[in-house]
Amino acid sequence: MKIWAKLIKNEKIIKHGIVEAENLNTFSGITRAFMDVAEEMKIPTPVITRTSAQFFFDFNSVRFKQDDFVEKIDFDALVIERA
């Protein structure tokens with residue numbers, strides 16, 4: 001399965017990419033996929049909680065903002081969706 005990641009700044013997509021992911025039906029599978037997205041996009045990995053994983057399960061999309069990262073980011077949001 002593929003997931004689409006977008007970096008948003010000032011309401012515009014500044015970077016995007018598609019990452020192949022396996023087993024998006026478990027918390028550990030989603031965690032691995034989100035870590036792969038961060039590595040592919042060359043950004044810090046967001047803090048992935050059960051709530052954010054559940055949001056991805058329920059709505060096929062999740063948005064991470066500055067509060068979801070330990071490091072400072074130079075974009076407004078990371079949006080991850082099923083492709």
(request) Any chance you could lay out the side-chain contact (heavy atoms from CB on, under 4.5 Å) test for F34 and L78, step after step, and finish with the verdict? (result) CA-CA 10 Å; F34 290 179; L78 165 64; over 6 Å; no
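- The neighbour count for E22 CD, taken as heavy atoms of other residues, nucleotides or ligands under 6.0 Å away, does not exceed 12.
- Atom CD of E20 sits in a crowded spot, with more than 12 heavy atoms from other residues, nucleotides or ligands closer than 6.0 Å.
- For K15, the NZ atom sits in a packed shell: over 12 heavy atoms of surrounding residues, nucleotides or ligands are nearer than 6.0 Å.
- In the hydrophobic clustering of this structure, I48 groups with F69; members are Ile, Leu, Val, Met, Phe, Trp, Tyr whose side-chain heavy atoms approach within less than 4.5 Å, directly or through other members.
- Residues R63 and D68 approach most closely at O-OD2, 4.0 Å, considering heavy atoms.
- Two residues are said to be in side-chain contact when any heavy atoms from C-beta on lie closer than 4.5 Å; P44 and I73 meet this criterion.
- The line from CE of M35 to CD of E40 is 14.5 Å long, rounded to the nearest 0.5 Å.
- Side chains of I13 and I8 form a contact here, defined as non-hydrogen atoms less than 4.5 Å apart.
- Within a 6.0 Å sphere centred on CD of Q66, heavy atoms belonging to other residues, nucleotides or ligands number more than 12.
- Taking CZ of F57 as the start and CG of N25 as the end, the distance is 6.5 Å to the nearest 0.5 Å.
- Checked against the 6.0 Å centroid threshold, F64 and F55 do not count as a close aromatic pair.
- E81 places a side-chain heavy atom less than 4.5 Å from the side chain of K6.
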(request) Step by step, work out the side-chain contact (heavy atoms from CB on, under 4.5 Å) result for T51 and Q54. (result) CA-CA 5 Å; T51 302; Q54 189 63 46; 5.7 Å; no
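- To the nearest 0.5 Å, atoms CD1 (I80) and CD1 (I3) are separated by 5.5 Å.
- Of all the heavy atoms in R82 and M1, the pair that sits closest is NH1-SD, 2.9 Å.
- In this structure, F27 and A53 approach most closely via the heavy-atom pair CD1-CB, 3.5 Å.
- Taken from CD1 in I30 to OG in S52, the straight-line distance is 8.0 Å, to the nearest 0.5 Å.
- Nearest heavy atom pair, residue L7 against residue M41, reads CG-CE, 3.6 Å.
- In plain terms, the two heavy atoms of V37 and A5 that are nearest each other are CG1-CB, 3.4 Å.
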